[in-house]
Structures are given as C-alpha cells and as structure tokens.
There are 2 protein chains.
Amino acid sequence: MDTLRIAVIEDDPVIRTGLLEYFQHEEFCHDAWATPSMESFFEAIKSGKHADVVLTDIGLPGMSGTDGIRLIREQLPQADVIMLTVFKDENRIFKSLCAGATGYLLKDTPFPQIKEAIRVIRNGGSFMSPAIARKVVQYFNPQPQENENNLTVRERQIIQGLVDGLSYKLIADRLSISIDTIRYHIKKIYNKMHVNSRTELIRKSMR
Amino acid sequence: MDTLRIAVIEDDPVIRTGLLEYFQHEEFCHDAWATPSMESFFEAIKSGKHADVVLTDIGLPGMSGTDGIRLIREQLPQADVIMLTVFKDENRIFKSLCAGATGYLLKDTPFPQIKEAIRVIRNGGSFMSPAIARKVVQYFNPQPQENENNLTVRERQIIQGLVDGLSYKLIADRLSISIDTIRYHIKKIYNKMHVNSRTELIRKSMR
DNA sequence: AAATGTACCGCATCATTATGTAGTTTGCCG
DNA sequence: CGGCAAACTACATAATGATGCGGTACATTT
C-alpha cells in the first residue's frame, strides 16, 4: 500500500487528536492532518493541503459531513471519502453512499480496524461496519412495513426494480418469478398508485 | 456467541471438506454438516437436520445457490444465508441480496475471516467481501459522466419531456415536430448520455 | 469545395410495456 | 364452508420504445 495523506474532519478534539496520533505513528501514513469542520477543511485544501483519504464525521458544525462529500470529490477526485460517525439511520447512510462515500464506519470502530478499512478501500474495495452493512442488505430485501397505498412486500420489491430501470425480464430474474407475474403485479401497482406508466410511478415514488 | 449449527452447500469436495474440518474444530460451532447440492440440502432438512447458518456456493449442480435462498429462508426462517462464491457480477450479487442473503463472501476469503463474518452476522450485522461491498456502494453512486455531454438545446427540451413522463407522441406535439424526429433525437441523446432506456436517463438526469 | 454538425423526416423491425382475460393455489376471516 | 386477497401463471393484443438505415436542408468549420 502506498503511503497516504489522510485528512480527518472531526469536531470532537479528543477523537480528532487520537486519530491524528494513531495515523502519525503508522507507516502507511505519509501525512495526517485534521480540521474541526468542513469549512476549515476546504480552506486547507484551497491553501494547498492534499488528501488521498478523507475520514469525516457527519455531525459537524456548519456543513454536515454528508453534505460535504460531493464538494470533496469535486476538489479531490482521486480521494476516498469515509464516514466515521455515530449515525446509523438509513437516511444518512444512503445519502452518504449516494453522494459517493466509499466507506461508512461507526465511531466505536477500533483504530486498527479503521486502518484495515482504509487499506481495503484503497485497494479498490469498500468497507462498512456490520450494522451498516445490514441496513444496506435490508435495502435489497425489505421487511414488511407500514406502507402507503396498501402495497404488499412483493409490490414494493417490484417497484424497486422499476425504479432501478430494470426490464420486466430482469426484475423477474431478480425475484425468481415469471415475467407474466411481473406484469400482473405491475397492473395492480399502477392501479393502486393511480399511474399509467413506469415514469409516472418513478416520479411519484421519488416524492 | 451461541454455538451454531452450520450447513455448507458446496459441490467442490476439497473446499467442502476443508470447511467442514475447520468448523468442526471451532468451539463456536456445535454441529457442522455439508451437502454437495441444494437438492440434497433440502432432503437433509426434511429428514431432520437443522442449521443456524447456511454457507452456500452459487454455482451448484441443479438449483443454484441464489435460487435456493428463498426456499432456505422458508424452511429455516431464523437461519442466516451466506454466499461463498467466485462470482462477483452485479446480477448475482443483487439477486442474492434481494432473495435475503445476509452475507456475500468471495471464495478466497481465509477461514478465520469466514468465521468472523459468521460472528458479526449472527450478532445482527452483515458482512461482504470488500470487492462486493464496492459494487454495492457503487450501486448507490454510479459513476457520473464527466461533462454535460454537449447536449444541444433541442436535446435538452426532449430530455425534459422524457423526464416529465410524456410519450414520444406527446413530446412531438409539445415541440411541434414529428415523432420520428423525436426518435432521432432520442437515439443521439442515449448515445451521448451512455444510457439505453428512459429510466436510466431519468436516474442520471436527477443527479 | 468538402466535411461536419444540427434539425428535420420517413420507413422498417424488433423489443418492451401496458392492459384485458382467464386460471390455480394458499391462507385468512366471518 | 364461501368469500376474499395475495401470489403465481398463461395467453392475447395493442401501443409504445429503441434502434438501424436512408434522406434533405442549412449553417459552420476546415
């Protein structure tokens, strides 16, 4: 593994200092620096600092870690952004992943495991704390929930396939049922949702 | 961690035997047994065998590991199904996750890491090999196009109609041109945007 | 002048979507 | 038990989407 420049964005001074000291004593780390906020991070970038890995908290003063991901990736296209946070709610998880984070670690992750996560991420993989991985897995296999329009679990799975842009055939493959069953469900879904096309459904689902 | 009953479904006898011997020497494992196919796995279940964890290959004779997940979960609702496979294509990954797999490991995972994956999964988490996690993460953040693809004014107008959910005919009405011209422009748009369907385009346009 | 790009148009073909009709099986509820 | 809903399946049909090929006209660039 190449020696890395690691930036930490963390407002808690104890954690910030702890991480800095850990990284500064690690051979794989060429340079480690930290800022207490997104804003000060971008000032440091503007004044010439660099980073290959950005380890960022979410709950920060001013701009949140999640809201900063896209900006980080614009300024540092080759950098990996890894979340290090107490938040394990699905909204923040998926918003961060959608924005381009390549790792999502919980705050209780031991430092050596943070190091290991950085290693696999820089090697082209990704790493999530197990509880986060479970939430991600459950995104693909949703459990029954309260729902609007009385949609069944099956119907919601099929909507997900439609939103993903899959053809009926591919949705059928994914769910191991026939394409005619897909068509049957879609008829019911469109009736329940009062739409007449996939696009209408997608627009409605994204609200 | 409670002592577990682990079932392995693996047609390669070397791997099967290796895994069995490893688990049978591990304290966390109360019982380990294996079958070379899904069909023989279900026969064993029918004749009284049990499992808390099912570690299954995908490329099996007869029914594939992926196609067996749902049946396993019906017969063993409390069991975790973990894929152990060489396949790292997105189709199989997402199909397995949608079917309810709670782990997805590549075949080159060392045995102690398989054990660790089982541990975190039984503790309510999930575990994926890093390359798999990267595919999953990229599902949420597909690579954006590097520029605006030099769309003309006309092309942007037509994209808007597509995003609005209008049929080609209605877009043609809106722009006072023929439906064949719509088709012509859409061909060019899809090429420029590197998509193959309206839904892909919409997903890409909304970022 | 020739090449290139944009906008327009038509035809042909195949793939996919949407909808109607019919049926079976299973589980739940009154 | 019958009624109902959910899930599955099949068939048929029409409409729409996607793509390939061909063409014209005009403006700009080489």
Side-chain angles (χ1 to χ4, degrees), chain A residues 141-205, chain B residues 63 67-75 77 91 95 98-100 147-205:
Chain A
N141 184 249
Q143 298 308 304
Q145 295 173 9
E146 323 166 8
N147 66 93
E148 46 185 302
N149 302 100
N150 291 318
L151 295 170
T152 66
V153 169
R154 203 50 147 178
E155 285 165 347
R156 274 186 272 118
Q157 286 179 325
I158 287 169
I159 287 173
Q160 188 58 57
L162 293 173
V163 171
D164 289 347
L166 302 182
S167 64
Y168 289 4
K169 183 174 174 350
L170 287 177
I171 300 172
D173 284 346
R174 182 183 277 192
L175 302 178
S176 302
I177 51 177
S178 83
I179 193 170
D180 280 312
T181 305
I182 298 294
R183 292 191 184 117
Y184 157 78
H185 282 300
I186 284 171
K187 271 181 276 183
K188 297 211 60 184
I189 289 165
Y190 285 6
N191 276 336
K192 285 182 179 180
M193 299 289 286
H194 303 295
V195 297
N196 295 103
S197 71
R198 179 194 289 243
T199 306
E200 279 185 76
L201 180 69
I202 289 170
R203 288 166 64 93
K204 208 162 196 175
S205 301
Chain B
M63 188 189 303
D67 287 338
I69 297 169
R70 281 186 227 278
L71 296 177
I72 295 175
R73 287 164 57 81
E74 283 169 14
Q75 309 256 355
N91 186 48
K95 192 173 176 183
C98 284
N147 54 50
E148 289 304 309
N149 302 286
N150 299 313
L151 296 171
T152 65
V153 169
R154 202 50 148 178
E155 285 164 348
R156 270 180 266 157
Q157 288 175 323
I158 287 169
I159 288 174
Q160 188 58 57
L162 293 172
V163 169
D164 288 346
L166 303 182
S167 65
Y168 289 4
K169 182 173 172 1
L170 288 176
I171 299 172
D173 288 345
R174 182 187 273 190
L175 301 178
S176 301
I177 51 178
S178 84
I179 192 171
D180 281 312
T181 306
I182 299 295
R183 292 193 182 116
Y184 157 80
H185 281 298
I186 284 170
K187 270 181 277 184
K188 297 213 61 186
I189 290 166
Y190 285 7
N191 275 336
K192 285 183 178 180
M193 300 288 285
H194 301 296
V195 297
N196 295 104
S197 71
R198 178 194 288 244
T199 306
E200 279 185 75
L201 180 69
I202 289 169
R203 287 167 62 92
K204 209 161 199 175
S205 300

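Within every chain, numbering begins at 1; the chains are lettered A, B, ... in the order of the sequence lines, protein sequences first and strands thereafter.
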Whole-Å distance, B/Ile179 CD1 to D/dA15 C1', equals 10 Å
When every non-hydrogen atom of B/Asp67 is compared with those of A/Ser176, the smallest separation belongs to OD1-OG, 3.4 Å
Of the listed C/dA18, C/dT6, D/dG17, the closest approach to the A/Arg183 side chain comes from C/dA18
Between CG of B/Asp173 and P of D/dT16 the distance, given in whole Å, is 11 Å
Here the distance between atom P of D/dA6 and atom CZ of A/Arg156, to the nearest Å, is 12 Å
### Task
Give a yes/no on whether any side-chain N or O of A/Lys188 is located under 4.0 angstrom from OP1 or OP2 of D/dA6.
yes
Main chain of A/Asn196, side chain of A/Glu200: is a donor-acceptor contact present, judged purely on distance under 3.5 Å?
yes
Taken to the nearest whole Å, CD1/B/Ile182 to P/C/dG10 is 12 Å
May I ask you to verify if any side-chain N or O of B/Ser197 is less than 4.0 angstrom from the OP1 or OP2 atom of D/dG17? no
Between A/Arg154 and D/dC8, does any side-chain N or O lie under 4.0 Å from OP1 or OP2? yes
Regarding the side chain of A/Lys187, the nearest nucleotide among C/dC9, C/dT19, D/dA18 is C/dT19
When A/Leu166 and A/Asn191 are each assigned the nearest nucleotide of DNA chain C, the 5'-most assignment goes to A/Leu166
To the nearest angstrom, the CD1-C1' distance between A/Ile158 and D/dT9 comes to 13 Å
**Prompt:** Does B/Ser167 put a side-chain nitrogen or oxygen below 4.0 Å from OP1 or OP2 of D/dT16?
**Reply:** no
Check: OP1 or OP2 of C/dC9 sitting under 4.0 Å from any side-chain N/O of B/Thr181?
Finding: yes
_If you compare every side-chain N and O of B/Tyr190 against the phosphate oxygens of D/dA18 (OP1, OP2), does one of them come in below 4.0 Å?_
yes
- Message: Strictly below 4.0 Å: does A/Asn196 bring a side-chain N or O up to OP1 or OP2 of C/dT19?
- Response: yes
| Has the side chain of B/Lys192 got a donor or acceptor atom that lies under 3.5 Å from a matching backbone atom of B/Leu151? | no
So do A/Leu175 and B/Arg70 actually touch side chain to side chain, heavy atoms under 4.5 Å?
yes
**Asked** Does a nitrogen or oxygen in the side chain of A/Ser178 sit under 4.0 Å from OP1 or OP2 of D/dT9?
**Response** yes
B/Ile189 CD1 to C/dC8 C1', in whole Å, measures 14 Å
The answer to which of B/Asp180 and B/Val153 contacts DNA chain C further toward the 5' end, by nearest nucleotide, is B/Val153
| said: Is it the case that the side chain of B/Lys204 and the backbone of B/Val195 share a donor-acceptor pair, with hydrogens and angles ignored and the cut-off at 3.5 Å? | reply: no
In whole angstroms, the gap separating C1' of C/dT17 from OH of B/Tyr168 amounts to 12 Å
To the nearest angstrom, the OH-P distance between A/Tyr184 and D/dA5 comes to 10 Å
